[in-house]
**Q** 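I'd like to ask some things about the structure below.
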Amino acid sequence: MTDLTRLTLKAALDGLKARDFSSEEITKAFVANIDAANPRLNAYVVQTTDKALDMARASDARLAKGEGGALEGAPLGIKDLFCTDGVQTTAGSNMLRGFVPPYESTVTSNLWADGAVMLGKLNMDEFAMGSSNETSAFGPVVNPWKSSASNADLTPGGSSGGSASAVAGDLCLAATASDTGGSIRQPAAFTGTVGVKPTYGRASRFGMVAFASSLDQAGPIARTVEDAAILLRSMCSFDPKDSTSLDVETPDWTASLGKGVKGLRIGVPKEYVVDGMPAEIQALWDQGVEWLKAAGAEIVEISLPHTKYALPAYYIIAPAEASSNLARYDGMRFGHRAEKAASLADLYETSRAEGFGKEVQRRLTIGAYVLSAGFYDAYYVRALKVRRRIAMDFDAVWDKVDAILTPSTPSAAFALGDKQIDPLQMYLNDIFTVTANLAGLPGISVPAGLDKGGLPLGLQVIGKALDEATVFQVADVLEQSAGFTARPEKWW
Amino acid sequence: MAIDAATVRRVAHLARIKTPEDRLEPLAAELNGILNWIEQLNEVDVDGVEPMTSNVHQPLRLRDDVVTDGARVDAVLSNAPKSADGFFVVPKVVE
Amino acid sequence: MTDNTKTIQGRTGPWELVMGLEIHAQVASRAKLFSGAAVGFGAGPNEQVSLVDAGFPGMLPVLNKFCVEQAVRTGLGLNAKINNRSQFDRKNYFYPDLPTGYQISQLFYPIVGEGVVEVEAEDGSFFNVGIERLHLEQDAGKLIHDLSPTESYVDLNRAGTALMEIVSRPDIRSPEEAVAYVKKIRTILIYLGTCDGDMEKGNLRADVNVSVCHPGQYEKFKATGDFSHLGTRCEIKNVNSFRFISQAINYEARRQIEILEDGGKVDQETRLYDPTAGETRSMRSKEEAMDYRYFPDPDLLPLELEQAWIDGIKASLPELPDDKRRRLMADYGLSQYDAVVLISEQAKADYFEAAAQGNGTGRRDAKLVANWVTNELSARLAADGKDFSECPLPAAHVAELVELIENGTISSKIAKEVFDHVWSGEGSPSEVVEKHGLKQVTDTGAIEKAVDEIIAANPDKAAAVAEKPQAIGWFVGQVMKATGGKANPAAVNDILKAKLGL
Ligand SMILES: [Mg+2]
Ligand SMILES: [Zn+2]
């Protein structure tokens, strides 16, 4: 019998519908994989096996009657940023250890309504602040991939490292993730998976633990472009409970697949060539350009002049919003409360110093600083103006190109512990992805090749707002052209 | 705009994060590193540019004045570190 | 504008007061500003709390349209500019009654801009108070301190309730003006129906900014707009009665004067009025100086209002107190004093108008109706702790009573007796007059007969009246007594004078 855990989401859904296997069978197969792998990969922080089996049996009952939704019976992993009713949700933080929401996020509600099965909650950087999963209170996630050059444990990227590692390591069919500056696309690139950040406003933020409200977007990490298109469609919906949710139709993006790129104009922004970028990254990018050209696309060199300012602007805007969003974690109504405190002020400060990790504390401090009296205009307002400049850069090229091709990351996955000393080194991971967050645009990372150590590398496609269709169209061609079939060897 | 230990102390207090005295200097150095890098934003000409607070270009949606929520004290208190008689309980607040 | 400026005599000379008020008025809505939890009074702890109000992770605000409409209504009622585009900001601070760690408010772009309110001073003169802005914001929860000696209890029922904060210019110059201003705002809100004005429940409360300066400084400030001409101000938070507003200002002004006269410096700070001690005291120490780190709330988008919608609200506004006052004076010939007393309560003015319109037999003497409404009836209602909306007496009864006086059926004096019977539920005034035989005697024959009898029985007194004309009062009393008080007093007087040869 085939290994059910290695199926694509699409193949699994077809098999379930054809009743080649049951949801209970595939769910049990994933549970067995998780049990075996999680001690080493640390992808799951909570396993909801009983719940998963109940959901699987309910799916099987529906499938038996010829009923069922778009994800009926498919076992998925859920980033621990999404609140799940009755299941601990921590956002990777000690602050929320033991927190059990009495409510369900809209994104996960949509998945359950479509028949998906929840295997458990996936590890992540604390409050989604990180690019290596090392800021998690539950310890770092380990990448299933190893470099041929060393046996060191590698990062799966962050903050959706648990999601990426679980998908790459056969610990779920696909997973939910979230992306504030690149937290879906960078881990996808580091693990040979596909990650999509949709247009801001497509996926509801209701019930998703907030990091930076104006940038946070949920999206899938999956094994194929098609799988990502299927899962993204289920995740997205117009939600009256989120004032920034877009009241638009959610199309069937699988319709974009197989269309080819003939006649499409693909922009290649010159500013994405950055100092010190490894030759392999440039080579991969060039290869991507060749593939698209060969498939009939027109390649257009474009300029996005404010690109280099995106990351510094992001490191004002995101911490500022976070400093306010995370003020609710004060130990009063939920979350960690310090045992001993001399006064109320001391209780606040001690609870938060104990509950938050170092990186979160660092960003909350920066955030409070850039909003504080005398610095608001110089930092925060200026960053918002630069943000508009960046958005205007994109606006200015959309009459010349239909989509933009860039590398996803400036490097392949690095070893855990490698970039912990210098926060700025870590921040540079998001250099290619963060612009899409600032401008609210859809972006995808597709595995496109391997570096010299045999580690996956990704290419990113950025599209116009609400034009995920073209993004999927281009990603599909990249996926076909790359023929990426490499898999991590099971070492755990 | 270099940050000193006193500024870190003030800002850490604003953020309500207890910061031991011996952490103030190293934190100041760290933050200065990040802020120096951020200073490059000063190169950008932003004259006449509207600050961009959101990616969503639609007016704010409004809801009707209808009671749809509440009456769920158990849920509200379910994660409280301490509660009694329907109240959250916190250390004495002196006004 | 008249000079109601309060001058306080210090040791070194006279001082003047300058005040600006921030009134927090709770919007009379069913649900909260950003959540679907109920707004109300008297529910059990945390029963009117949604997870949005309690600031749970991932909870998001969605704006209540009715609250927006009420803010616009109020803005229009304050003759203020309605901003077609406004925005919600976060005001960040930590406090156990503030679940999210920030209050959603409007700092940079409020929904309502500048306006002006005309206020009646106690002496009947008017003064204007400029309105700087009105914005929408959330209320905080409530802390209960007396349930435990070592802990505070938190009830979030109030958290997230919609407030309109009405910020005045520093145009108020005395405690009396401050009270008159708050009364006027309260009246306007009640007329508009946007806030119930219940100060006991905290649905209307004021933050009072007080500073003192030397005479002449305020005029310099007015001429230049430069605040440095004024003294440092202190903000007295959450004063929730007219009496406390006045007391708090008086105390605070004297406190500041004392500091300044001792060569000290007033610290800009937030203070609390303690009604028991009759003093204000500092709420937060200086090193805790607040830095609220306001920034636009990224969970919300700019609020855009269509002009047609605003115009529709404008067209639906009721007659407001100032217009009503002017109309009562013009239409009914009332004095300003009477008109001001009547409009202070919308139901009172309505009651007056209904009574003045008459009881189907035509319009009554408006001045007389106003007297009955503002004196006798107001006093009875006050004694029962009621207001005019709960008045048990139909306006037609007052109309009838006045009609009986007008057509001479009863005297004003008897009218009081009639009123007593009507008030105790014995029926309409004419029924009471009938039942108790209180009809005024205007038959001069009957009066003459009584006068003759009394003069005949008291010849010595009749003789003395010639020397001492004021002694006629005794005869009047005797005649009224003999006629059971029903004799027309004017007729009695005339006849007595004639018969006594005066
Ligand atoms: Mg105030
Ligand atoms: Zn306020």
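Reminder, nothing fancy here: chain letters follow the sequence lines and each chain counts from 1.
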**Q** Below 4.5 Å, heavy-atom pairs only: which of B:Ala15, B:Ala12, B:Ser54 has the largest tally toward chain A?
**A**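 Maximum pair count with chain A is reached by B:Ala15.
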
**Q** Relative to chain B, which of A:Arg387, A:Met392, A:Gln361 shows the most heavy atom pairs under 4.5 Å?
**A**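 With the most close heavy-atom pairs to chain B, the winner is A:Arg387.
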
**Q** Give, as side chain, backbone, both or neither, the part of B:Ser78 having an atom under 4.5 angstrom from any heavy atom of chain A.
**A**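 The side chain, not the backbone.
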
**Q** Identify the heavy atoms of A:Leu438 and B:Met52 that sit nearest to each other, and give their distance.
**A**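 In this case the closest contact between A:Leu438 and B:Met52 is O-CE, 3.8 Å.
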
**Q** Select one option (side chain, backbone, both, neither) describing which atoms of A:Asp330 are under 4.5 Å from chain B's heavy atoms.
**A**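 Neither; nothing under 4.5 Å.
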
**Q** Between B:Leu41 and chain A, with a heavy-atom cut-off of 4.5 Å, which part of the residue counts as in contact: side chain, backbone, both or neither?
**A**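 Both backbone and side chain.
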
**Q** Return the set of residues passing salt bridge (charged side-chain N to carboxylate O under 4.0 Å, His left out) with A:Lys308 (not counting sequence neighbours), or none when no residue passes.
**A**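 With sequence neighbours excluded, A:Lys308 shows a salt bridge (charged side-chain N to carboxylate O under 4.0 Å, His left out) to B:Glu43, given in chain and number order.
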
**Q** Mind checking whether A:Tyr369 and B:Leu31 have side chains closer than 4.5 Å, heavy atoms only?
**A**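 A:Tyr369 does not reach B:Leu31 side chain to side chain.
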
**Q** Of the backbone (N, CA, C, O) and the side chain (C-beta and beyond), which part of B:Ser83 lies under 4.5 Å from a heavy atom of chain A, both, or neither?
**A**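 For B:Ser83, no heavy atom lies under 4.5 Å from chain A.
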
**Q** If you count heavy-atom pairs under 4.5 Å with chain A, which of B:Leu62, B:Leu27, B:Ile17 comes out on top?
**A**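 Among the listed options, the one with the most contacts to chain A is B:Ile17.
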
**Q** Tell me whether the count of non-hydrogen atoms from other residues, nucleotides or ligands lying under 6.0 Å of CG in B:Asp64 goes above 12.
**A**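 Counting other residues, nucleotides and ligands, CG of B:Asp64 stays at 12 neighbours or fewer.
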
**Q** Quick one, A:Arg337 and B:Val90 - any side-chain contact, counting heavy atoms below 4.5 Å?
**A**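 Yes, side chains in contact.
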
**Q** Is A:Leu364 close to chain B through its backbone or its side chain, or both, or neither, when contacts mean heavy atoms under 4.5 Å?
**A**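 Looking at A:Leu364, backbone and side chain both touch chain B.
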
**Q** Heavy-atom pairs under 4.5 Å with chain A - which of B:Val76, B:Leu60, B:Thr53, B:Asp74 has more of them than the others?
**A**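 That would be B:Thr53.
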
**Q** A side-chain contact here means heavy atoms from C-beta on lying under 4.5 Å apart; do B:Asn79 and A:Pro102 qualify?
**A**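 When only atoms from C-beta onward are counted, A:Pro102 and B:Asn79 do touch, with a gap below 4.5 Å.
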
**Q** Check B:Pro91 against A:Leu344 and note the closest heavy-atom contact, atom names and distance.
**A**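 Distance-wise, the nearest heavy atoms are O-CD1, 4.4 Å.
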
**Q** At their closest point, which heavy atom of A:Asp239 faces which heavy atom of B:Arg61, and how far apart are they?
**A**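 Answer, listing the atom of A:Asp239 first, then B:Arg61: O-NH2, 3.8 Å.
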
**Q** Minimum heavy-atom separation for B:Pro81 to A:Phe334, with atom names?
**A**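 That closest heavy-atom pairing would be CD-N, 3.8 Å.
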
**Q** Taking all atoms of both residues into account, what is the closest heavy-atom pair of B:Asn55 and A:Ser214, and its distance?
**A**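 Looks like ND2-O, 3.5 Å.
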
**Q** Where does A:Tyr380 contact chain B at under 4.5 Å (heavy atoms): side chain, backbone, both or neither?
**A**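 Neither; nothing under 4.5 Å.
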
**Q** Using non-hydrogen atoms only, which part of A:Asp85 is less than 4.5 Å away from chain B: side chain, backbone, both, or neither?
**A**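 Contact with chain B is absent: no heavy atom of A:Asp85 under 4.5 Å.
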
**Q** For A:His306, is it the side chain, the backbone, both or neither that has a heavy atom under 4.5 Å from a heavy atom of chain B?
**A**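 When you check distances to chain B, only side chain atoms of A:His306 fall under 4.5 Å.
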
**Q** Do you know which of B:Arg72, B:Glu50, B:Gln58 has the most heavy-atom pairs under 4.5 Å to chain A?
**A**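 Answer, by heavy-atom pair count under 4.5 Å with chain A: B:Glu50.
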
**Q** Heavy atoms only: give me the nearest B:Val44-A:Arg382 pair and the separation to one decimal.
**A**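 Nearest heavy atoms, B:Val44 then A:Arg382: O-NH1, 3.1 Å.
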
